[in-house]
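To start, I am sharing the structure in question, which I have written as structure tokens.
Letters go in sequence order (proteins before strands), and every chain restarts at 1.
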Protein chains: 4
Amino acid sequence: MEIVAAALALFAARGYGATKLEDVACAAGIAKGTIYLYFANKEDLFRAVVRQELLPALARIEAAIEVHTGPTQDLLRLLMAHFVQMIESELGGIPKLVVSEAGNFPEIAQFYADEVVARGMAIIERIVARGVDRGEFRPVEAARLTPVLVGPMLCMLLWRHSIGRHSAIGFDHRAVLETQIDILLRGLAPEPGA
Amino acid sequence: MEIVAAALALFAARGYGATKLEDVACAAGIAKGTIYLYFANKEDLFRAVVRQELLPALARIEAAIEVHTGPTQDLLRLLMAHFVQMIESELGGIPKLVVSEAGNFPEIAQFYADEVVARGMAIIERIVARGVDRGEFRPVEAARLTPVLVGPMLCMLLWRHSIGRHSAIGFDHRAVLETQIDILLRGLAPEPGA
Amino acid sequence: MEIVAAALALFAARGYGATKLEDVACAAGIAKGTIYLYFANKEDLFRAVVRQELLPALARIEAAIEVHTGPTQDLLRLLMAHFVQMIESELGGIPKLVVSEAGNFPEIAQFYADEVVARGMAIIERIVARGVDRGEFRPVEAARLTPVLVGPMLCMLLWRHSIGRHSAIGFDHRAVLETQIDILLRGLAPEPGA
Amino acid sequence: MEIVAAALALFAARGYGATKLEDVACAAGIAKGTIYLYFANKEDLFRAVVRQELLPALARIEAAIEVHTGPTQDLLRLLMAHFVQMIESELGGIPKLVVSEAGNFPEIAQFYADEVVARGMAIIERIVARGVDRGEFRPVEAARLTPVLVGPMLCMLLWRHSIGRHSAIGFDHRAVLETQIDILLRGLAPEPGA
DNA sequence: TATGAATGAGTATTCATTCAT
DNA sequence: AATGAATGAATACTCATTCAT
């Protein structure tokens, strides 16, 4: 909806507290009171912003992973491509928002941890396990590897949607991604002797 | 100072806007008005929180790096140990805070980008270059590698100081670090044929 | 408007600083926040109080003077009647207010000096010049005469709207006016030998 | 005392409410807390400012009037000279202050009305009565004449100590006084036929 | 369904006053 | 006597929320 999109942009840019519903309404091209026809209150709108947008994206990734049959290395690249997309879209504002407001919305933090982070980690662990199973990767403990896999791109995402907007320092996240995949594949390559 | 410490804890937990100066005063064990004897206003206090604490920590890292003479691999571990320390201390709240408030305090974001991020990246690039020079690492472009190096630990830090506080999901960041260093050293190992 | 009238009464009685906007709202029969729908802040309301009310009154005097054709003595009485009216109405609170707050609102003082005092003096000087021209008054320098003409009634006005409200001493300003006009007309009468 | 003088200047310039005791202390060259060694609180200081300074001045006028033996016209000039002095000194700030703060300090207003205004009027009425008795003035009711006598100079005084400080419009109060005395003496001159 | 004028609870900030030194 | 750091009551102003239209 118009309102949710406007709210996402403003919440992500200014934070929950500093965003006035009047500005959201203005950005959505409606009047202040109209918001209350669709959302009970500001918190309700905030929850909708976080909940509505991310899960479909996650489902799309899961589906794409599911049908993949080629080398795990390509699967990894496919996964990362989704990250890159999110970095470059408004959707990237959501993780930034959740990080920022976790203290004030613990149940949002929990929801995000359970529905997004846990599911995301499960996807990655499945990919890693697949690679190990197929002998493409050397044996590694998937749980410990996950943050190593997503950390760099998550940082790019948070940078892009917060500090990076106000600094001259810029990262070429596609180049960083190439470097990371290079390191990963070498780092995960099966031991010569194994 | 008492006040700055209390403010850091509350700003990091709740964000700038949602933190009442009365609560800061209460946490610092003083009266509301006393804050104004030391800081012109809430914004001034916020700036002090971000500026005063981080630069000394960075200087300490720089100094430690400077005097190191052993293998670059140890240098990398030394650097990461500082990260781990920050993850585990209150200081870790500052990056979270800056990410959260970048939109409302662009000049803080800029300051952080220039004084913390840029300097931090310079340190890392120097370490990487040293490793390449000494033949310990294969030739890589340091700038593209930096986010790969710090991303995972930064994510651990942000997690610890935001979502992680409200979720059952926990990361063993020391274990993750071991895994990352393992991947890195394999991924950066000189080509056998070189 | 309701708000401006309530504000005038309270500002004049208590001064700018000692008047709470909550009291203004209460006196106007509205809520505190409503004031901010019409005025940007307290100072803005103060300026409106001073600016909106006085100029129309002055314009009315100017118009009345303009159309007068009879003896200058009657013109003088007409002018003074307007003063008496102001003494007896809420409008008299404005000069008192401006005198009181000149130090804190220099631009209000300037506005009042330029738009009210200067214009008022011009009116009076025109009346005096007319009287001299028509041979009804002996030649006098109008500029030096103005304060002599308005001083007594201004004092009555300030008294009425400040000290007089809290003292048993009362002035019959209409009687004082008669005395003053008597003195003036004798004092301005053409020299017998001229 | 140093403190009272500093307080008079500031109270007169800014009003009671807008004057900070810290500024008074600063202007008096002492520390904030020291004021409380001499005055119970801010109101007490305000009362002292109004009470201490004016009565001696009034007594001096009364004494000067008492010993005068010449023509009443000179007595009038003598009286007016005291007014001029007050216009030109810091003391002139007191009437302005009392007019401004009458609403918030009714008992100060009463004190001023009873001790200053009433006594001042008595002096003037005595002078007028003397003039009438000695056949220098035509018979007039003194009470009604008083505001006519003091009004112009009081206005000059209030102007000088409030609006006039912030406006380019200036009055030559000595010239105005000459004009007024001229008008008064002509206006009070005994009827030719009497 | 949509509006926007009105509300009033909530917070940053000021400054008279205190009191240990 | 003199200080000035600390206090906390008091007030301007904001903005989520309501509701008559």
Side-chain angles (χ1 to χ4, degrees), chain A residues 2-3 7 10 14 16-26 28-46, chain B residues 2-3 7 10 14 16-26 28-46, chain C residues 2-3 7 10 14 16-26 28-46, chain D residues 2-3 7 10 14 16-26 28-46:
Chain A
E2 281 293 286
I3 299 175
L10 289 171
R14 307 178 188 175
Y16 175 80
T19 299
K20 303 178 216 172
L21 284 194
E22 178 138 38
D23 292 345
V24 173
C26 186
I30 58 171
K32 199 170 21 158
T34 308
I35 294 176
Y36 287 86
L37 295 177
Y38 300 95
F39 303 93
N41 50 38
K42 195 181 178 184
E43 284 196 25
D44 194 46
L45 172 58
F46 180 73
Chain B
E2 278 297 281
I3 299 175
L10 288 171
R14 307 179 187 176
Y16 175 80
T19 299
K20 299 180 233 171
L21 283 195
E22 181 142 33
D23 292 345
V24 172
C26 190
I30 56 172
K32 204 175 7 161
T34 307
I35 294 176
Y36 289 89
L37 295 179
Y38 300 96
F39 304 93
N41 49 40
K42 195 180 176 183
E43 284 197 24
D44 193 45
L45 172 58
F46 179 74
Chain C
E2 279 296 281
I3 299 174
L10 289 171
R14 306 179 188 176
Y16 175 81
T19 300
K20 298 179 233 174
L21 283 195
E22 183 142 32
D23 292 345
V24 172
C26 189
I30 57 171
K32 203 177 8 160
T34 308
I35 294 177
Y36 289 89
L37 295 179
Y38 301 95
F39 303 94
N41 50 41
K42 194 180 177 183
E43 284 196 25
D44 193 45
L45 173 58
F46 180 74
Chain D
E2 279 295 285
I3 299 175
L10 288 171
R14 306 179 188 175
Y16 175 81
T19 299
K20 303 179 218 171
L21 284 193
E22 179 138 37
D23 292 345
V24 173
C26 187
I30 58 172
K32 201 171 19 159
T34 308
I35 294 177
Y36 287 86
L37 296 177
Y38 300 96
F39 303 94
N41 50 38
K42 195 181 178 184
E43 285 196 24
D44 194 46
L45 172 59
F46 180 73

For Glu2(A), check salt bridge (charged side-chain N to carboxylate O under 4.0 Å, His left out) against everything at least two apart and list the hits.
none
Name all residues meeting the side-chain hydrogen bond (donor to acceptor under 3.5 Å, both in side chains) criterion together with Glu43(D); count only those two or more places apart in sequence or in a different chain, and write none if there are none.
Arg47(D)
Range-with-range stems for DNA chain E, at least three Watson-Crick or G-U pairs under 3.5 Å
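Stem list for DNA chain E: E:2-21 with F:2-21.
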Earlier contact from the 5' end, DNA chain F, for Ile30(B) and Ala31(D):
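Its nearest nucleotide being more 5', the pick is Ala31(D).
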Separation of atom CG in Asp44(C) from atom P in dA12(F), rounded to whole Å:
15 Å
When rounded to the nearest 0.5 angstrom, what is the spacing between CD1 in Ile3(A) and CD1 in Ile35(A)?
5.5 Å
Could you give all pairs that pass the salt bridge (Lys or Arg N to Asp or Glu O under 4.0 Å) test and reach residues 30-42 of chain C, with sequence neighbours left out?
none
Residues in side-chain hydrogen bond (donor to acceptor under 3.5 Å, both in side chains) contact with Asp23(C), at least two apart in sequence or another chain
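Once residues adjacent in sequence are excluded, the partners of Asp23(C) under the side-chain hydrogen bond (donor to acceptor under 3.5 Å, both in side chains) criterion are Arg14(C).
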Pairing residues for Asp44(C) by the salt bridge (charged side-chain N to carboxylate O under 4.0 Å, His left out) criterion, not counting sequence neighbours:
none
How close or far is atom C1' of dA1(F) from atom CZ of Phe39(D), stated in whole angstroms?
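Between C1' of dA1(F) and CZ of Phe39(D): 15 Å.
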Whole-Å distance separating the CG atom of Leu37(D) from the C1' atom of dT3(F)
9 Å
Who pairs with Phe46(A) by ring pair (Phe, Tyr, Trp, His ring centres under 6.0 Å), at least two apart in sequence or on another chain?
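If we apply the ring pair (Phe, Tyr, Trp, His ring centres under 6.0 Å) test to Phe46(A), skipping adjacent residues, the hits are Phe11(A), Tyr16(A), Phe105(A).
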From the options dT3(E), dT7(F), dA1(F), select the nucleotide whose nearest atom is closest to the side chain of Tyr38(D).
dA1(F)
Ile35(D) CD1 to dA16(E) P, straight-line distance once rounded to whole Å
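Rounded to the whole Å, the gap is 9 Å.
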Closest approach of Leu10(C) to Thr19(C) (non-hydrogen atoms, all atoms of both residues):
O-OG1, 3.2 Å
Under a 4.0 Å heavy-atom criterion, the protein footprint on nucleotides 14-21 of chain F, written with B, S and -, is BSSBB---
